[in-house]
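The structure under discussion appears below in the form of structure tokens.
Each chain gets a letter, A, B and so on, in the order the sequences are listed, and its residues count up from 1.
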Amino acid sequence: MVKARQNYDGVAITAPFSMPYQRYSIDTAHWWIAKALRGSLTAANLKPSDLDGFSVASFTLFPDSAVGLTQHLGLCPRWLDHIPMGGASASVALRRAARAVQAGDANIVACVAGDTNHIDSFRNMLSSFSRFAQDASYPYGYGGPNANFALLTDRYMKEYGATREDFGHICVAQRDNALRYQNAVMKKPLTLEQYMSARPIADPIALFDCVMPCAGSECFLVMSEDEAAKRNLPYAMLGGAIERHNAHSEDDIQLRGGWTMDIDELYAMSNCTPDDIDLLQTYDDYPVISMMQIEDLGFCAKGEGPEFVRSHDLTIDGDFPHNTSGGQLSAGQAGAAGGYIGMVEAIRQVTGTAGGTQVKNASIAMISGFGMINYDRGVCTSASILKTGARA
Amino acid sequence: MTEPLTFPPKKDPQKRSATPTRPPEARSRASLALTAAAAEGRFALQVCDECQIVQYPPRDACMNCIGTDLRWNDVSPKGHLLAETTVQTSTKLFFRERAPWRMGSVKLDVGPLILCHIHGDCTRDSAVKVLNRLDKSGQAVLIAIPLERSDHMDDDPQLRALSAHPKHRRILITDAWNPNTPALARALLDAGAATVFVGEAESWRPHPNRDALASMANVEVLPLDVTDTSSVQKLAGEIGGKTDILINNARFLRPGGVLSRGDTGFARDEMEVNYLGLMRLAQAFGPGMCARTADGVNSAAAWVNILSAYALSNTPEYGCYSASNAATYSLSQSLRGEFRSSGLRVMNVFVGPTEDDWHAPLPPPKVLPQSVARSVLDGLNDGLEDVWCGDIAKDIRDRWRKNAKVLEREMTFGSDGA
Ligand SMILES: [Zn+2]
């Protein structure tokens with residue numbers, strides 16, 4: 001019998017900050033991370049020297065890591081973490097930071113993700129992503145993640161009867177949401193007709209199935225509830241969080257993710273069920289992966305994702321608010337910050353600070369992450385459930 | 001079904017030639033063993049010694065038991081095409097120029113899932129066979145083809161890019177005098193070669209191949225003496241811009257080792273023809289061929305050296321000749337490196353003792369001209385780098401790979417009573 005996990009009681013998540021994204025930037029990841037960190041510190045009325053924990057996720061810091069950043073930014077943490085998990089990094093950073101706070105290893109942890117996007121950096125990043133990708137994926141058309149997700153989408157459609165319209169529903173709803181999010185890169189409405197007639201990228205994936213790489217950064221702080229209350233900060237509490245890596249490696253094509261291994265425990269820890277979730281933030285570098293998360297997180301059975309998105313309204317005011325800030329598909333993919341966009345938005349939602357994208361009475365949010373196409377599939381998955389601690 | 005490749009129109013000199021671009025070359029060291037297998041046309045994957053699980057992508061420890069004894073074994077290339085896509089856009093110029101590009105996921109019968117190129121004749125969700133081939137970067141890539149052959153399947157653009165198929169290409173064979181030349185010319189023409197140029201030294205002297213070559217359509221015999229720099233340069237000036245495949249079969253051969261010869265005369269001839277001949281040809285034809293590797297249907301594709309298998313390990317009965325071939329083999333490795341950036345392939349055909357006067361004292365088996373021709377054609381079809389022609393060449397290869405020092409000792413026995 002595996003020992004039950006301890007709860008995450010007493011932890012506050014606060015001071016969410018999103019640095020507005022840019023399509024291209026001449027600044028570095030260091031600059032973007034500094035901007036987001038400053039944003040969260042200012043929101044909490046803290047100085048850099050008040051931090052004693054620091055967690056970083058970034059692809060474009062090279063040759064630096066979190067270590068180089070401490071000296072670069074003049075931080076002196078007693079707890080330091082670097083999360084190389086891309087789209088899965090937010091829930092992973094949060095749960096580790098939460099444990100550090102619970103254990104007293106750190107008092108105030110800043111969790112930050114950010115990347116720059118030089119005109120050439122997407123190409124450079126592709127060429128150095130992973131050994132298996134270099135050896136066994138890129139020589140075959142060099143389609144990058146587009147090709148990987150095309151294969152996955154192709155098989156998913158065949159297996160479960162999903163159509164391109166079904167994926168279009170997800171993208172169109174997110175664009176509606178993005179129009180209410182001031183930082184979104186995409187500012188124009190998107191119709192299903194436009195989605196369907198878009199230029200093909202890697203069949204069956206077309207233009208609006210793909211995210212737009214950009215520069216940006218996101219940050220939040222983790223501290224004790226006492227600390228947050230003392231500082232009068234609105235905060236979220238952590239019901240539970242899970243991570244899983246290289247799950248279901250026996251599956252020939254990835255039609256389910258690691259969430260399925262731990263999802264029951266996540267709901268049990270959080271004392272809730274899928275029906276209690278007020279809004280869901282999935283990792284959405286392609287709509288098929290959002291559909292898969294809706295299934296694997298328990299909102300419907302495997303294979304029923306297409307029917308689920310047909311019969312639900314995924315916009316902010318709908319019956320299933322999903323990716324309320326537009327997600328990466330409409331707000332843009334800022335490298336590792338793409339793993340944080342849903343988390344930072346969810347913190348705003350349950351603390352009543354989401355402004356234009358606020359879901360009415362949102363008190364329980366689920367955030368899910370997916371990352372790192374090492375060869376033929378995403379290796380890392382994560383998820384967490386946030387609840388309202390104190391509203392603004 | 002693949003449509004037959006049509007003969008390209010005459011080139012418009014006003015138009016820009018496509019510059020040679022390449023697919024990504026970077027690989028881990030483990031992956032280079034897949035390339036080594038592709039270089040001789042084998043489909044091999046790592047198999048764990050401890051648990052027998054077949055692995056892919058290549059790795060340094062078993063994905064099942066983390067044992068580190070992974071052996072490259074030939075395995076069944078059959079599998080099932082599970083998913084596919086057509087990449088319409090790529091950040092890599094090589095693929096952008098060739099888009100759309102079909103690729104997919106194949107579940108191999110032996111276990112692993114592979115990503116691979118897909119031949120145009122493969123149908124969705126069907127049984128396929130996977131070939132391990134060298135791409136324009138000289139690295140192994142996998143391509144799924146249908147189980148059943150179709151008439152023109154070699155003309156599929158993705159498959160053809162992984163081969164040096166003679167169809168519609170113009171080919172220079174450097175030595176009209178070599179006994180294997182008529183068989184080579186015949187086989188190339190039968191495979192669809194547009195023109196076979198044959199270099200002929202000492203044209204004033206009659207030789208036994210002349211009538212056979214004269215009787216073949218689309219064969220042009222032209223003067224070429226590989227020991228004469230100006231002769232080589234002159235021919236390159238005439239046909240260098242339309243030589244797509246060069247087959248260097250020029251050979252000077254005399255029996256004997258160091259002590260059986262009184263001087264260095266024959267050794268000098270051997271080096272002049274076998275070693276410096278290759279160098280002269282490469283200096284005259286190489287740059288032009290390298291510039292034309294992306295030139296459409298009749299692009300420059302391969303440089304073929306016909307070598308003695310004793311290039312690997314000396315046989316003292318032909319000791320000086322073996323030494324000249326060892327030098328030539330080494331030079332061909334340099335050429336591989338120098339041609340690499342262009343995508344021009346260097347194929348070495350290692351041949352055992354051939355059926356001719358100079359090898360008359362040796363017992364069989366000996367290699368016939370038709371066998372050399374078949375090896376060259378198979379190698380070009382499959383885009384190989386190393387081809388072993390005849391049982392003796394294969395035997396030497398296997399012994400050399402097993403233990404080069406043991407082979408050396410086997411080849412250098414003394415004789416009793418000396
Ligand atoms: Zn094993």
### Task
Please report the C-alpha distance between B:D60 and A:R131 in whole Å, then the side-chain angles of each, then the deciding distance to 0.1 Å, and finally whether the salt bridge (Lys or Arg N to Asp or Glu O under 4.0 Å) criterion is met.
CA-CA 12 Å; B:D60 304 327; A:R131 170 171 153 179; 2.8 Å; yes
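Across all non-hydrogen atoms, the minimal contact from B:A26 to A:Q134 is O-CG, 3.4 Å. Looking at every heavy atom in both residues, B:G104 comes nearest to A:L151 through CA-CD2, 3.6 Å.
The number of heavy atoms from other shown groups lying within 6.0 Å of CD1 (B:I66) does not exceed 12. Within a 6.0 Å sphere centred on NZ of A:K158, heavy atoms belonging to other residues, nucleotides or ligands number 12 at most. Atom CD1 of A:I26 has 12 or fewer neighbouring heavy atoms from other residues, nucleotides or ligands inside a 6.0 Å radius. For A:R199, the CZ atom is loosely surrounded, since the number of other residues' heavy atoms within 6.0 Å does not exceed 12. Other residues, nucleotides and ligands contribute at most 12 non-hydrogen atoms within 6.0 Å of the CE atom of B:M1. Counting heavy atoms of neighbouring residues, nucleotides and ligands inside a 6.0 Å radius, atom CZ of B:R71 does not exceed 12 of them. Other residues, nucleotides and ligands place no more than 12 heavy atoms under 6.0 Å from the NZ atom of A:K188. Counted within 6.0 Å of OH on A:Y24, heavy atoms from surrounding residues, nucleotides or ligands total more than 12; the atom is thus considered enclosed.
We find the OH-OG distance between A:Y140 and B:S105 to be 12.0 Å, quoted to the nearest 0.5 Å. Once rounded to the nearest 0.5 Å, the distance linking CD1 of A:I205 with OG1 of B:T86 reads 12.0 Å. For the atom pair A:S249 OG and B:N64 CG, the distance stands at 9.5 Å (nearest 0.5 Å). One distance of note links CZ of B:R59 with CZ of A:F132; it measures 4.0 Å at 0.5 Å rounding.
Note on ring orientation: taking the six-membered ring where Trp is involved, the planes of A:Y375 and B:Y56 are perpendicular (angle over 60°, cut-offs 30° and 60°).
Checked for salt-bridge contact, A:D252 and B:K107 meet the test: a charged N lies under 4.0 Å from a carboxylate O.
Taking chain A as the reference chain and counting heavy-atom pairs below 4.5 Å, the highest number among B:P23, B:P100, B:C116, B:P112 is found for B:C116. Comparing B:D125, B:T89, B:I114 by heavy-atom pairs within less than 4.5 Å of chain A, the highest count is held by B:D125. Residue with the most contacts toward chain B among A:P204, A:G141, A:P139: A:G141 (heavy-atom pairs, distance under 4.5 Å). Per-residue counts of heavy-atom pairs under 4.5 Å with chain B were compared for A:I253, A:N148, A:L152, A:D154; the largest is that of A:D154. When B:R27, B:M103, B:Q158, B:R124 are compared by the number of non-hydrogen pairs under 4.5 Å with chain A, B:R27 comes out ahead.
Here the rule is side chain to side chain contact (heavy atoms under 4.5 Å, CB included) with A:Y142, and of B:F94, B:W101, B:F95 only B:F95 fits it.
At least one donor-acceptor pair closer than 3.5 Å links the side chain of A:D135 to the backbone N or O of B:S28. Judged by distance alone, with hydrogens and angles left aside, the side-chain atoms of A:D203 form no donor-acceptor pair with the main-chain N or O of B:T85 at under 3.5 Å.
The interface of residues 29-52 of chain B with chain A, defined by heavy-atom distances below 4.5 Å, comprises B:A30, B:S31.
Of the atoms belonging to B:I118, not a single heavy atom falls under 4.5 Å from chain A.
No side-chain heavy atom of A:E159 sits less than 4.5 Å from a side-chain heavy atom of B:L82.
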